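Bear in mind the structure is a predicted one, so any value in this text is a computation, not a measurement. Counting begins at 1 with the first residue of the sequence.
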Amino acid sequence: MFKKEDEDKNNPFKNEDLENEEKIEAQEENNKEAEKNEAEAENKDTQKLQEELDSLNNKYLRLAADFDNFRKRQMQERESLLKYGAEDTLKKIITVLDTFERAQKSVEGMSECEKIKESYNVGLKQLYDTLDKLGLKKIEAKGADFDPNLHEAVMQTPTNDYPPHTVIDELQTGYKLFDKVLRPVFVNVATEAQETPEENKENEQ
């Protein structure tokens, strides 16, 4: 009786079967490797496309933000133009108001000119009312604390009659166009009075 080993040795198809199995296994390995490489390539392509998409999306968002900022600036400039468009004209007109105010002060003590004063005051009031409707406002300063945003100190007076940094007098009227200062008020500002030697002696007693 033949042994199985002898049978395998004498079987001419045995080696061929082994070779076929090895070829099949090698093919399967190659297929798996090819599938793996293909999947990696697809992942790389997908990642690249995602990066490009993200880049384009970021560019779009920046462009949209820039356009929105541009639109807002245009609206602000338009509003500013509508609001402050009369600025140069009003700056010239307020010099005329200065003349009116000086003339008003010059006739204050003239009792025989009551008719002239009355007509003058009516005209001045109409002018102020008209300019007020256009947004021109007088800056009230007398008795207020000195504010460098609204006032320009052209004089300083040492005094004990007012607290330091108080506006004692308005030397030239200031004006605002809505919330914008066209011209500050020229003012006289109180400063702390220095005590005289006689006052020092009295305080010491």
Side-chain angles (χ1 to χ4, degrees), residues 65-66 68-205:
D66 289 342
D68 188 54
N69 291 334
F70 171 77
R71 183 179 58 82
K72 288 178 180 177
R73 281 197 304 272
Q74 289 292 99
M75 288 179 62
Q76 289 173 351
E77 289 174 4
R78 182 173 177 275
E79 290 174 0
S80 180
L81 181 62
L82 291 174
K83 190 173 182 179
Y84 299 113
E87 179 177 343
D88 289 337
T89 302
L90 291 174
K91 279 183 177 179
K92 294 172 183 175
I93 290 176
I94 60 180
T95 59
V96 179
L97 288 176
D98 293 338
T99 304
F100 267 97
E101 289 180 348
R102 285 193 293 270
Q104 186 181 37
K105 289 179 181 178
S106 68
V107 298
E108 279 179 353
M110 299 181 183
S111 57
E112 67 275 9
C113 299
E114 287 301 321
K115 212 61 170 167
I116 298 174
K117 287 164 62 177
E118 184 180 343
S119 299
Y120 173 88
N121 288 335
V122 169
L124 185 61
K125 184 178 184 304
Q126 285 180 334
L127 179 58
Y128 275 128
D129 289 344
T130 301
L131 294 174
D132 185 77
K133 290 175 183 177
L134 294 172
L136 187 72
K137 309 285 184 184
K138 288 178 70 172
I139 301 173
E140 303 296 337
K142 190 171 182 178
D145 291 336
F146 177 76
D147 182 348
N149 297 312
L150 303 174
H151 312 143
E152 185 170 333
V154 295
M155 283 183 64
Q156 292 184 341
T157 302
T159 177
N160 291 320
D161 296 333
Y162 295 89
H165 309 298
T166 301
V167 175
I168 300 173
D169 197 13
E170 297 178 13
L171 306 178
Q172 181 175 270
T173 307
Y175 294 93
K176 290 197 300 183
L177 178 58
F178 297 103
D179 56 348
K180 183 176 184 178
V181 175
L182 292 183
R183 185 178 74 185
V185 193
F186 287 5
V187 295
N188 182 8
V189 181
T191 59
E192 188 174 358
Q194 299 294 325
E195 292 184 349
T196 63
E198 290 78 10
E199 290 175 332
N200 286 332
K201 288 179 182 178
E202 289 177 3
N203 291 334
E204 288 174 359
Q205 291 174 359

Distance in Å, [X] [atom1] paired with [Y] [atom2], rounded so as to fall on 0.5 Å steps:
X: Leu131; Y: Leu177; atom1: CG; atom2: CG; value: 10.5 Å
X: Lys125; Y: Asn121; atom1: NZ; atom2: CG; value: 11.0 Å
X: Lys176; Y: Ile139; atom1: NZ; atom2: CD1; value: 6.0 Å
X: Arg71; Y: Gln76; atom1: CZ; atom2: CD; value: 10.5 Å
X: Met75; Y: Phe70; atom1: CE; atom2: CZ; value: 12.5 Å

Completion exercise
Tightest non-hydrogen contact, residues Pro158 and Ala193, listed as CB-CA, 3.9 Å

Exercise for the section: List the atom of Pro163, the atom of Ala190, and the distance in Å for their closest heavy-atom pair. Expected result: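 In this case the closest contact between Pro163 and Ala190 is O-CB, 3.6 Å.
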
Exercise for the section: Give the C-alpha distance, both sets of side-chain angles, the deciding distance and a yes or no for side-chain contact (heavy atoms from CB on, under 4.5 Å) between Val167 and His151. Expected result: CA-CA 9 Å; Val167 175; His151 312 143; 3.9 Å; yes

Exercise for the section: Kindly indicate, with the supporting measurements, whether the criterion salt bridge (Lys or Arg N to Asp or Glu O under 4.0 Å) is fulfilled by Glu101 and Lys138. Expected result: CA-CA 12 Å; Glu101 289 180 348; Lys138 288 178 70 172; 3.7 Å; yes

Exercise for the section: Go through Ile94 and Leu136 one step at a time and tell me if the side-chain contact (heavy atoms from CB on, under 4.5 Å) criterion holds. Expected result: CA-CA 9 Å; Ile94 60 180; Leu136 187 72; 3.7 Å; yes

Practice task
For the pair Asp129 and Lys133, evaluate salt bridge (Lys or Arg N to Asp or Glu O under 4.0 Å) and give the outcome as yes or no after the intermediate values.
Solution key: CA-CA 6 Å; Asp129 289 344; Lys133 290 175 183 177; over 6 Å; no

Problem - Non-hydrogen side-chain atoms of Gln172 and Asp98 separated by less than 4.5 Å - result: yes

Practice task
Indicate yes or no: at least one non-hydrogen side-chain atom of Val181 is less than 4.5 angstrom from one of Asn149.
Solution key: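 No, every pair of side-chain atoms sits at 4.5 Å or beyond.
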
Exercise for the section: Could you tell me whether the side chain of Glu170 and the main chain of Ala141 form a donor-acceptor pair under 3.5 Å? Expected result: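 Yes, Glu170 side chain to Ala141 backbone: donor-acceptor pair under 3.5 Å.
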
Practice task
Output yes when a side-chain donor or acceptor of Asp132 lies under 3.5 Å from a complementary backbone atom of Tyr128, and no otherwise.
Solution key: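 Not a single qualifying donor-acceptor pair exists.
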
Exercise for the section: Could you point out which residue of Leu127, Leu90, Thr173 forms a side-chain contact (heavy atoms from CB on, under 4.5 Å) with Leu97? Expected result: Leu127

Problem - Given Lys180, Arg183, Lys137, the one that forms side-chain contact (heavy atoms from CB on, under 4.5 Å) with Tyr175 - result: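 The option that passes is Arg183.
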
Exercise for the section: Under the side-chain contact (heavy atoms from CB on, under 4.5 Å) rule, what do Met155 and Val187 come out as? Steps first, then yes or no, please. Expected result: CA-CA 7 Å; Met155 283 183 64; Val187 295; over 6 Å; no

Handout entry: Candidate pair Lys91 and Leu182, rule side-chain contact (heavy atoms from CB on, under 4.5 Å), full reasoning
Key = CA-CA 7 Å; Lys91 279 183 177 179; Leu182 292 183; 4.1 Å; yes

Handout entry: Glu192 atom CD: more than 12 heavy-atom contacts under 6.0 Å
Key = no

Handout entry: Test applied, side-chain hydrogen bond (donor to acceptor under 3.5 Å, both in side chains); reference residue, Asn188; option that passes from Thr157, Thr166, Asp169
Key = Thr157

